[in-house]
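Because the structure is predicted, anything quoted here is derived from the model rather than measured.
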Amino acid sequence: MTRLSPAALETLPAEVERPAYDRAATRIGVVHLGIGAFHRAHQAVYLDDRLAAGEPDWAICGASLRSPDTRDALGPQEGLYTLAVRSGAGERLRVVGSVRQLLVAPSNPEALLQAMSDPAVRIVSLTVTEKGYCHDPATGTVREDHPDIVADLAHPREPRSAPGYLAEALRRRRAAGLAPFTVLCCDNLPANGRTVHTVLSRFAELIDPDLGRFVAGEVAFPSTMVDRIVPATTDADRAAIADRLGVQDAWPVMTEPFTQWVIEDRFGAGRPRLEDSGATLVGDVAPYELMKLRLLNGSHSTLAYLGYLAGYETVSDVMADAAFARLVRGLMDEEVTPTLPVPPGADLAGYKRSLQERFANPALKHRTWQIAMDGSQKLPQRLLGTIRDRLAADAPFRRLALGVAAWMRYVSGVDEGGRPIDVRDPMSARLRALADEAGPVADRLAPALLGIGEIFGDLARDPRFAAPVTEALRRLLAKGAKRTVAGLG
């Protein structure tokens, strides 16, 4: 079958949307680190809209910091790929053309540094996941003992980490008399712009105090909030898309109709008119971020761990179980909502209804296993911050405690049927070692995992937190996830 390419665009079915602009006339203005499925379903689509609207300076150079898979899939397609927007009403296809260049950092670090140092590049954006910032999630500071940070400090001109590439590119631009690019973090970190500012300023300071002061004082780090559910693409998805297109797309992206991007309007070197493509530009992203992290991400993680343990493959499968749907409603209404400062004009009740509808969307095969990845990095933002606020208010949090306990049960590495769990987490070896030593005994397993300071900080020393989490883990080990959730009432 013919491969998707610029030449093949004219052969696509009429209902397939495609770039309505001259791609060859566009210029790269954004370098994006971490060009995975989420970026291609979210930021790249907004920028595709701006290119189509007559803003040609905002095409994307996408870089992978680890794997060549995206480059190898999309390179022969000149960066083109299909976005499949799925809902109960059907599927809408769009070919996105905003990605003009694809790089793999380990294969050619210099090519990426040159791209980031190009005067035409005014934004470097990132979706490298929480672990990609080499920071301590409990404190928000750079982990100076992280292997990649240690290597980058020893050889700063040959970076391997996201902070390393950012610092070296900013150093080069400063030396050349070029304005710094804006660093636009699009990952689920608390106050993500300020967090990356803290991480990168300290990292740069360790390389050179003058560079550290430059990064701290001259580089813009607007915070953002991003939201769109993007399941992993399967071989069945590829086959279905090829059948509809009549050409082969090596890596289409599946997503939902809903998309949201809230951005603090603080850019150092200009920006595209993203608000004209549906983004929300604000002075302070914090209340929007908190709503999303605690309502969407916190609920998602809780459903993922409990749902996986209960034997459900996808989030929509979990939501089809009335007890789990009731759990997530109670989590949102009774435990999360009282902790939220709601932005003026926001429809909080409507937002929560939309989340529950999105979770239940049967057209999105969002696997519980995929959402469960990297929990050690996600818990502090998604669940523990809410719990801290509930503790400060002397308020109960039994559903949140169950979410934490489900993570503990999950990372022990053995499911309820005695089968191994493929735990994908930067701390997986450490977590499994602690679990193996403690055994499936709540009074041993909970304290062992709570003792990980990088995740729980001082919470482990608070009996008001440790006791309900241990009790929830005790119920999970004794009854299993389904019976435990059903018993919540």
Side-chain angles (χ1 to χ4, degrees), residues 33-39 63-67 69-70 104-106 126-154 159-166 185-190 192 195-196 198-200 202-203 232 293 297-298 300-302 304-305 308 367-385 403-404 406-414 420-438 445 448-457 459-460:
L33 306 183
I35 184 162
F38 182 82
H39 170 72
S64 301
L65 296 185
R66 302 295 181 195
S67 166
D69 292 352
T70 303
V104 180
L126 303 93
T127 49
V128 295
T129 76
E130 294 92 332
K131 63 185 177 184
Y133 296 91
C134 307
H135 77 304
D136 181 346
T139 65
T141 59
V142 68
R143 274 188 54 204
E144 297 178 21
D145 63 344
H146 189 287
D148 287 350
I149 296 299
V150 172
D152 285 355
L153 290 175
R160 65 172 68 169
S161 70
Y165 276 101
L166 290 168
C185 173
C186 297
D187 279 301
N188 288 321
L189 298 170
N192 58 12
T195 297
V196 179
T198 298
V199 169
L200 190 59
R202 175 56 180 161
F203 176 81
L293 278 173
N297 298 126
H300 229 186
S301 287
T302 300
Y305 294 120
Y308 183 96
R367 297 172 64 197
T368 52
W369 176 80
Q370 180 190 3
I371 301 162
M373 291 180 182
D374 301 332
S376 67
Q377 311 296 295
K378 296 173 178 176
L379 281 186
Q381 293 81 42
R382 298 187 174 197
L383 296 177
L384 302 185
V404 176
W407 170 80
M408 292 178 167
R409 177 71 183 82
Y410 178 88
V411 300
S412 69
V414 180
I421 300 173
D422 181 9
V423 178
R424 300 290 179 90
D425 191 286
M427 291 188 180
S428 58
R430 181 177 174 188
L431 295 169
R432 183 60 188 269
L434 289 169
D436 286 349
E437 183 177 357
L445 180 57
L449 295 174
L450 290 175
I452 302 176
E454 301 97 307
I455 302 174
F456 295 102
L459 275 176

How far apart are the C-alpha atoms of L384 and L459, what are their side-chain angles, what is the distance that settles it, and do they pass the side-chain contact (heavy atoms from CB on, under 4.5 Å) test? CA-CA 9 Å; L384 302 185; L459 275 176; 4.1 Å; yes

For Y133 and L126, what are the C-alpha separation, side-chain angles and deciding distance, and is it a side-chain contact (heavy atoms from CB on, under 4.5 Å)? CA-CA 10 Å; Y133 296 91; L126 303 93; 3.4 Å; yes

Go through it in stages, so that I can follow the logic: the residues are D136 and R143, the test is salt bridge (charged side-chain N to carboxylate O under 4.0 Å, His left out), and I'd like the CA-CA distance, side-chain angles, deciding distance and then a yes or no. CA-CA 6 Å; D136 181 346; R143 274 188 54 204; over 6 Å; no

Report the C-alpha separation of N192 and D187 in whole Å, then their side-chain angles, then the decisive distance to 0.1 Å, and conclude whether the side-chain contact (heavy atoms from CB on, under 4.5 Å) test is met. CA-CA 7 Å; N192 58 12; D187 279 301; 5.6 Å; no

How far apart are the C-alpha atoms of L449 and I455, what are their side-chain angles, what is the distance that settles it, and do they pass the side-chain contact (heavy atoms from CB on, under 4.5 Å) test? CA-CA 9 Å; L449 295 174; I455 302 174; over 6 Å; no

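For S428, the side-chain contact (heavy atoms from CB on, under 4.5 Å) partners are V423, D425, not counting sequence neighbours. Applying the side-chain contact (heavy atoms from CB on, under 4.5 Å) criterion to R367, with sequence neighbours excluded, gives E313, W369, Q370. Taking D436 as the reference, R432 meet the salt bridge (Lys or Arg N to Asp or Glu O under 4.0 Å) condition, with sequence neighbours excluded. Evaluation of the side chain to side chain donor-acceptor pair (under 3.5 Å) rule for T127 yields H32 as partners, not counting sequence neighbours. The ring-ring contact (aromatic ring centres under 6.0 Å, His included) search around F203 returns none, not counting sequence neighbours. Applying the ring-ring contact (aromatic ring centres under 6.0 Å, His included) test to H135 and every residue at least two apart in sequence or in another chain returns nothing. Scored by the side chain to side chain donor-acceptor pair (under 3.5 Å) test, S301 finds R382 as partners (sequence neighbours excluded). When the side-chain contact (heavy atoms from CB on, under 4.5 Å) test is applied to T70, the partners found at least two apart in sequence or on another chain are I35, R40, S64, L74, L102, W251. Partners of H300 by ring-ring contact (aromatic ring centres under 6.0 Å, His included), not counting sequence neighbours, listed by chain and number: F359, H366. Listed by chain and number, the residues in a side-chain contact (heavy atoms from CB on, under 4.5 Å) with A406 are Y305, L306, L309, L476 (sequence neighbours excluded). Checked against side chain to side chain donor-acceptor pair (under 3.5 Å), T129 has no partners two or more places apart in sequence or in another chain.
Atom NZ of K378 is separated from atom CG of N188 by 8.0 Å, given to the nearest 0.5 angstrom. Once rounded to the nearest 0.5 Å, the distance linking CE of M373 with OG1 of T368 reads 10.5 Å. The distance from the CD1 atom of I149 to the OG atom of S161 is 4.0 Å, given to the nearest 0.5 Å. Here the CD-CG distance, from E454 to L379, works out to 13.0 Å after rounding to the nearest 0.5 Å. In this structure, the separation between CG on L431 and OG on S412 is 10.0 Å, given to the nearest 0.5 Å. If you take OG on S376 and CD on E130, they are separated by 9.0 Å, rounding to the nearest 0.5 Å.
Nearest approach of A162 to G132, heavy atoms of both residues: CB-O, 3.7 Å. Taking every heavy atom of both residues into account, Q381 and Q377 meet most closely at OE1-O, 2.7 Å. Heavy atoms only, all atoms of each residue included: R160 and R66 are closest at O-NH1, 4.2 Å. Of all non-hydrogen atoms in T198 and G140, the two that sit nearest each other are CG2-O, 4.0 Å. Smallest separation of non-hydrogen atoms from P106 and L65: CG-O, 3.4 Å. Smallest separation of non-hydrogen atoms from P163 and V199: CG-CG1, 4.2 Å.
Counting only heavy atoms from C-beta outward, the side chains of V196 and L189 approach each other to under 4.5 Å.
For the pair R409 (side chain) and V404 (backbone), a donor-acceptor distance under 3.5 Å is absent.
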